[in-house]
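Below is one structure, written out as structure tokens; the observations come after it.
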Amino acid sequence: MRVLGIETSCDETGVAVYDSDRGLLAHGLYSQIEIHAEYGGVVPELASRDHVRKLLPMIRQVLADADCVAADITGVAYTAGPGLVGALMVGGSVGRSLAYAWGVPALGVHHMEGHLLAPMLEENPPGFPFVALLVSGGHTMLVRVDGIGEYEILGESLDDAAGEAFDKAAKMLDLDYPGGPQIALLAEQGDASRFRFPRPMTDRPGLDFSFSGLKTYTLNTVAKHKDDAVLPDEQTMADIACAFQDAVVDTLVIKCRRAIEQTGLSTLVIAGGVSANVVLRQRLETALAKKNAQVYYARNEFCTDNGAMIAYAGCQRLLHGQHDDLKILAQPRWPMDTLPALG
Ligand code: KG4
Ligand code: ZN
């Protein structure tokens, strides 16, 4: 089976061709970061319009890179949610229409399932069952994964997602959007002993998260070191970035360790944009090695939004005969534990 995958749920246009025998044949990614940067976050209408501009030329290019013509494609997978409805509609309309024109099945893929399965694109993929920490701009979840579509949500964020917290803290420090990579970079210059930020919800049992208190704590710390409206000096900014990152990472590590203890499993998969964070990866590896558990993640470009993860996830379901009818699916909200198992 050879699947064209399309991702347009937010501010990245991603396209890929995945072959069930030969693996990933080609992929392309266009990030809209420059368009949204001046607004400090994603502007939904601008995102939709740019997907309209970029998607068809990208599909042509990726098919050429994969050395394919339309007749070689035997299925189309597009992100059907969760995400921005206008942006989802672009990928859904194009994906569903191409599948109709080509006479092949189409499938709307769950964006977070795409993230969850992205490490399967690597050379040494994790095996089921495992615990997954999904940390993106919109979601923070711990999930027990017994197979594709066999998901038990163990815990999730009660307010902001981890990536969202990174983005908001970055804004407080006047860093560019998206803030995660910027905070990580600035934190490298920080003195970890200067500030200690709270580790929210780690002193009580359970696997849920909350990052809004940490956000307020960061805002108050920045305000305390501001001179009138002038931002703190560079070293203080780096120290704050470092303390913030340490607090988020520690919180995630504590909950992952707890999830591994609770489930008795020995594999942890981390996925979503924040899984590109080097400090998070290192601390998880160290903490879980003590529990004889192993940590898996995708290469950086497949941690953040991309078309390859959608082509891969779609291909697995299409191979098992799952596909949609002629409807164009766009579900801004879509609980992951309602997905069907492969069966
Ligand atoms: O998965 P993703 O590309 O999009 C969503 O599905 O939301 O995740 C984007 C998020 C952003 O909030 C971004 O700041 C964060 O991932 N991120 C990072 C890093 N790289 C991306 N956060 C912390 N450290 C990073 N290195
Ligand atoms: Zn994502």
Side-chain angles (χ1 to χ4, degrees), residues 5-14 16 29-33 36-37 40-42 44 47 51 78-84 87-88 91 109-119 132-141 156-157 159-173 175-188 190 209 211 214-215 218 241-242 244-253 269-284 297-310 312-313 332-334 336:
I6 298 173
E7 157 63 37
T8 64
S9 68
C10 191
D11 59 346
E12 254 111 23
T13 316
L29 187 74
Y30 173 78
S31 169
Q32 303 177 351
I33 283 176
H36 303 291
V42 179
H51 287 308
Y78 61 87
T79 304
L84 304 170
L88 290 168
V109 171
H110 194 289
H111 181 78
M112 297 312 292
E113 177 169 86
H115 276 304
L116 173 74
L117 298 177
L133 171 72
L134 301 180
V135 269
S136 70
H139 295 83
T140 300
M141 282 192 263
E156 58 194 325
S157 179
D159 39 59
D160 292 356
E164 191 180 357
F166 266 99
D167 294 338
K168 288 178 177 168
K171 234 179 183 174
M172 295 171 201
L173 296 171
L175 300 173
D176 287 341
Y177 174 85
Q182 305 283 336
I183 294 250
L185 201 65
L186 185 59
E188 285 176 19
F209 305 89
F211 292 107
L214 180 59
K215 191 177 65 188
T218 309
C242 184
F244 171 83
Q245 176 173 263
D246 273 355
V248 175
V249 166
D250 257 9
T251 305
L252 295 173
V253 170
V269 166
I270 54 172
V274 184
S275 68
N277 187 284
V278 177
V279 177
L280 175 65
R281 290 174 174 185
Q282 285 169 349
R283 294 214 190 139
L284 274 173
Y297 41 81
R299 74 195 86 159
N300 279 358
E301 63 180 330
F302 294 161
C303 288
T304 44
D305 292 350
N306 65 86
M309 67 183 195
I310 301 304
Y312 177 83
R333 287 174 193 282
W334 188 5
M336 201 170 84

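All of these numbers come straight from a predicted model, not from anything done at the bench. Remember, it's 1-based here, ligands and their atoms both numbered in the order they're listed. Hydrogens, waters and symmetry mates play no part in the numbers below; they use all other heavy atoms, side chains included.
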Between [X] (side chain only) and [Y] (backbone N and O only), is there a donor and an acceptor less than 3.5 Å apart?
{"X": "Thr8", "Y": "Ala87", "result": "yes"}
{"X": "His115", "Y": "Cys303", "result": "yes"}
{"X": "Thr79", "Y": "Gly81", "result": "no"}
{"X": "His110", "Y": "Trp334", "result": "yes"}

Query raised in the report: Who are the side chain to side chain donor-acceptor pair (under 3.5 Å) partners of Asp160, not counting sequence neighbours?
Result: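 Partners of Asp160 under the side chain to side chain donor-acceptor pair (under 3.5 Å) test: Lys168, Lys215.
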**Report entry** Atom pair OG1 (Thr304) and CG (Leu29), whose distance is rounded to the nearest 0.5 Å
**Finding:**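 Answer for the OG1-CG pair, Thr304 versus Leu29, is 7.0 Å.
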Requested in this report: Please list, in chain and residue-number order, the protein N/O/S atoms closer than 2.8 Å to the Zn ion (ligand 2).
Outcome: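 Short answer, with waters excluded from the count: His111 NE2, His115 NE2, Asp305 OD1.
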Between ligand 1 and the protein, which N/O pairs are shorter than 3.5 Å?
from     : atom 1 : to     : atom 2 : distance (Å)
ligand 1 : 1 (O)  : His115 : NE2    : 3.0
ligand 1 : 1 (O)  : Gly273 : N      : 3.0
ligand 1 : 1 (O)  : Asp305 : OD1    : 3.3
ligand 1 : 3 (O)  : Asp305 : N      : 3.0
ligand 1 : 3 (O)  : Asp305 : OD1    : 3.3
ligand 1 : 4 (O)  : Asp305 : OD1    : 3.2
ligand 1 : 4 (O)  : Asp305 : OD2    : 3.3
ligand 1 : 6 (O)  : His111 : NE2    : 3.1
ligand 1 : 6 (O)  : Asp305 : OD1    : 3.3
ligand 1 : 7 (O)  : Gly137 : N      : 2.7
ligand 1 : 7 (O)  : Gly138 : N      : 3.4
ligand 1 : 8 (O)  : Gly137 : N      : 3.4
ligand 1 : 12 (O) : Gly163 : O      : 3.1
ligand 1 : 12 (O) : Asp167 : OD1    : 3.3
ligand 1 : 12 (O) : Asp167 : OD2    : 2.8
ligand 1 : 14 (O) : Asp167 : OD1    : 2.7
ligand 1 : 14 (O) : Gly180 : N      : 2.9
ligand 1 : 20 (N) : Gly273 : O      : 3.4
ligand 1 : 24 (N) : Asn277 : ND2    : 3.0

Query raised in the report: What about Phe244 and Phe166, are their ring centers closer than 6.0 Å?
Result: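 Yes, they do, as the ring centres are separated by less than 6.0 Å.
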Query raised in the report: Does Lys171 come within less than 4.0 Å of Asp176, counting only side-chain N to carboxylate O?
Result: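 Salt bridge absent between Lys171 and Asp176.
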Requested in this report: State which residues pass ring pair (Phe, Tyr, Trp, His ring centres under 6.0 Å) with His51; sequence neighbours excluded, sorted by chain then number.
Outcome: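 His51 satisfies ring pair (Phe, Tyr, Trp, His ring centres under 6.0 Å) with no residue once adjacent residues are dropped.
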